[in-house]
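Below is one structure, written out as structure tokens; the observations come after it.
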Amino acid sequence: ADVKGRPCEDFCVLQHSNICVITLAEAHPLLQSGKTIKSINYQISANCSRLQNKVSGKSKRGAQFLTELAPLCRISSSDGEEYTIYSCIRGRLIEVNENILSNPALLQQKPSTEGYIAVVLPKFEESKSITQGLLTQKEYEEVLLKRRNSSS
């Protein structure tokens with residue numbers, strides 16, 4: 001919740017064994033009504049594009065290494081806002097979802113399935129400790145409830 005201190009810019013990390021899927025959380029501004037996604041850009045800097053990530057073999061050679069606050073992509077909405085999506089966990093970038101480039105609406109229509117942003121593989125020995133720093137679904141719902149109560 002509130003990644004990098006930005007209110008409501010929440011991300012969701014779905015974990016299965018040691019694979020993590022990064023998605024937008026339900027309260028992210030891009031998922032609120034009236035927002036239209038104009039563009040998605042995996043080009044992080046002049047020398048770094050997440051689309052250039054080429055992974056091979058069982059040991060996932062060639063994968064880009066990400067820290068918790070490594071940017072995955074930038075999303076621009078039709079109202080002029082730009083949102084940077086961060087990894088939220090340490091690990092190797094296994095894949096980015098290129099389908100959302102041609103169909104950005106997937107991000108909003110199916111954020112936790114076909115509209116995911118990236119797949120990250122944490123180090124095996126770190127995969128348990130990674131989730132300890134994240135909110136559970138129940139804890140996240142409590143954060144949303146507090147936000148609603150403080151804004152009303």
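For clarity, every value in this text was computed on a predicted model and none was experimentally measured. We use all heavy atoms of the structure for the numbers below, so side chains are in, but hydrogens, waters and symmetry mates are not.
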Within-4.5 Å side-chain heavy-atom neighbours: Cys73 and Gln43
no

May I ask you to test the Phe11-Ile85 pair for a side-chain heavy-atom distance under 4.5 Å?
yes

Are Leu72 and Leu66 close enough that some pair of their side-chain heavy atoms sits under 4.5 Å apart?
yes

Spacing of Ile100 atom CD1 and Glu114 atom CD [to the nearest 0.5 Å]
12.0 Å

In terms of hydrophobic clusters joined by side-chain contacts under 4.5 Å, are Ile117 and Leu51 together?
yes

Donor-acceptor under 3.5 Å (Gln52 side chain, Cys48 main chain):
no

Donor-acceptor under 3.5 Å (Asn97 side chain, Ala118 main chain):
no

Hydrophobic cluster identity match, Tyr42 and Tyr83, side-chain contacts under 4.5 Å:
yes

Step by step, work out the side-chain contact (heavy atoms from CB on, under 4.5 Å) result for Leu24 and Leu107.
CA-CA 8 Å; Leu24 296 177; Leu107 263 177; 4.1 Å; yes

Between NZ on residue Lys110 and CG on residue Asn103, distance to nearest 0.5 Å:
9.0 Å

Output for pair (Ile40 CD1, Lys38 NZ), nearest 0.5 Å, gives 12.5 Å

Considering only heavy atoms from C-beta outward, does the side chain of Ile19 approach that of Val119 to under 4.5 Å?
yes

Leu134 with Leu121, same ILVMFWY side-chain cluster at under 4.5 Å:
no

Between Arg50 and Leu93, is a side-chain contact (heavy atoms from CB on, under 4.5 Å) present by the stated rule, with each step listed?
CA-CA 8 Å; Arg50 300 297 181 209; Leu93 180 63; 3.7 Å; yes

Walk me through whether Leu69 and Ser87 qualify under side-chain contact (heavy atoms from CB on, under 4.5 Å).
CA-CA 6 Å; Leu69 294 176; Ser87 170; over 6 Å; no

Do Asp10 side-chain atoms and Val3 backbone N/O form a donor-acceptor pair below 3.5 Å?
no

What closest approach, in Å, do Lys35 and Leu30 show between heavy atoms, and which atom pair accounts for it?
CB-O, 3.8 Å

Point-to-point distance, once rounded to the nearest 0.5 Å, from NE2 of His28 to CZ of Arg6
8.5 Å

Is it true that Tyr140 and Leu14 fall in one hydrophobic cluster, defined by side-chain heavy atoms closer than 4.5 Å?
no

Ser77 side chain to Asp79 side chain, donor-acceptor N/O pair below 3.5 angstrom:
yes

Min side-chain heavy-atom separation Asn99-Leu101 under 4.5 Å:
no

Looking only at heavy atoms, which two atoms of Gln137 and Glu26 are closest? And how far apart?
NE2-OE1, 3.7 Å

Of all heavy-atom pairs linking Ala25 and Leu31, the shortest is O-CD1, 3.2 Å

Mind checking whether Glu81 and Ile75 have side chains closer than 4.5 Å, heavy atoms only?
no

Nearest heavy-atom contact between Cys8 and Asp2 is N-OD1, 2.7 Å

Is it true that Ile37 and Tyr116 fall in one hydrophobic cluster, defined by side-chain heavy atoms closer than 4.5 Å?
no

Just wondering, do Ile89 and Ile22 contact through their side chains at under 4.5 Å, heavy atoms?
yes

Donor-acceptor pair, distance only, cut-off 3.5 Å: does the side chain of Arg74 make one with the backbone of Ile44?
yes

Once you round to the nearest 0.5 Å, how far does CD of Glu95 lie from NZ of Lys60?
10.0 Å

Kindly indicate whether the side chain of Cys20, heavy atoms from C-beta on, has any atom under 4.5 Å from the side chain of Pro122.
yes

Modelled atom types, side-chain donor and acceptor of Arg92 and Gln64, under 3.5 Å:
no

Of the non-hydrogen atoms in Arg147 and Ala27, which two are nearest, and what is the gap between them?
NH1-CB, 3.8 Å

Evaluate the criterion side-chain contact (heavy atoms from CB on, under 4.5 Å) for residue pair Val143 and Lys146; output intermediate values, then yes/no.
CA-CA 5 Å; Val143 167; Lys146 283 180 191 163; 5.8 Å; no

